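Note sheet for the following structure.
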Amino acid sequence: MKKYTCKSCWYTYDPAVGDPKAGIDPGTAFEDLPEDWFCPICMRDKSAFEPEEEVKVEGFTPEDKELDRYKCKSCWYIYDPRIGDPVAGIAPGTAFEDLPEDWFCPICMLTKDSFVKVSLTEQIAKSIKNNEPLNKHTDLARYKCKACFYTYDPRVGDPKAGVAPGTAFEDLPEDWFCPICMMMKDYFVKEEN
């Protein structure tokens with residue numbers, strides 16, 4: 001079953017996930033959604049959606065891996081030139097400097113000048129060189145939100161909320177909430193391996 005993407009806000013309806021908040025079960029094809037169903041992000045109706053084309057990422061040369069990545073200062077989206085931005089017609093291998101001037105962040109719609117170059121820290125660069133894990137906190141459990149399926153990963157933390165990598169779910173402040181749907185900690189369940 002094909003995924004469909006909203007042309008307005010870029011939300012993607014994935015039939016494998018469905019839309020649990022709207023009572024749409026996993027396994028429901030886009031074509032089978034009720035006519036009154038709407039985008040959970042921007043509230044547009046089904047006519048705002050287009051089928052997602054399959055994007056194949058292949059043929060990278062070794063030097064492509066060294067292309068600089070850029071991070072949006074507003075929403076933390078990272079433009080990775082190895083992937084490009086297929087939805088906007090940007091082919092894999094396109095350097096950030098070569099993006100059109102009217103290109104914008106696919107998440108928060110800010111322009112190119114809102115991006116900063118991502119530089120690897122010496123520790124991360126050394127880990128990559130030695131093929132070591134980037135984070136040692138692999139023993140900490142991940143927790144998934146029952147409402148929106150966001151997963152809190154302690155290896156990543158929640159930088160926007162000031163939660164450092166390596167913070168166990170149990171150590172999150174009691175007033176911490178899901179960064180996607182705003183549900184509180186008690187709405188999360190431990191992810192089983």
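Since the structure is predicted, the reported quantities are computational estimates derived from the model, not experimental observations. Atoms considered below: every heavy atom in the structure, side chains included; atoms not considered: hydrogens, waters and symmetry mates.
A cation-pi geometry, defined here as NZ or CZ lying under 6.0 Å from the six-membered ring centre and within 45° of its normal, holds between Lys146 and Tyr187.
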Going through the checks in order, is the side-chain contact (heavy atoms from CB on, under 4.5 Å) test met by Tyr150 and Cys181? CA-CA 8 Å; Tyr150 162 81; Cys181 69; over 6 Å; no
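Heavy-atom neighbours of Lys185 NZ from other residues, nucleotides or ligands within 6.0 Å: above the threshold of 12.
Panel note: side chain Lys71, backbone Tyr79; no donor-acceptor pair is recorded below 3.5 Å.
Taking the six-membered ring where the residue is Trp, Trp37 and Tyr13 present perpendicular rings, their angle passing 60° and hence far from 30°.
Considering only heavy atoms from C-beta on, Pro34 comes within 4.5 Å of Ile24 through its side chain. When side chains are defined from C-beta on, Glu31 counts as touching Tyr4, because their heavy atoms get closer than 4.5 Å. Proximity of Arg155 to Leu140: side-chain heavy atoms (C-beta onward) are nowhere separated by under 4.5 Å. Under the 4.5 Å side-chain criterion, counting only non-hydrogen atoms from C-beta, Pro40 is not in contact with Lys21.
Side-chain contact, Asp45 with Ser47: a donor N or O sits under 3.5 Å from an acceptor N or O. For the 3.5 Å distance criterion, the side chains of Asp113 and Thr111 qualify, holding a donor opposite an acceptor.
For an aromatic pair to be called close, the ring centres must be under 6.0 Å apart, and Phe115 with Phe96 satisfies this.
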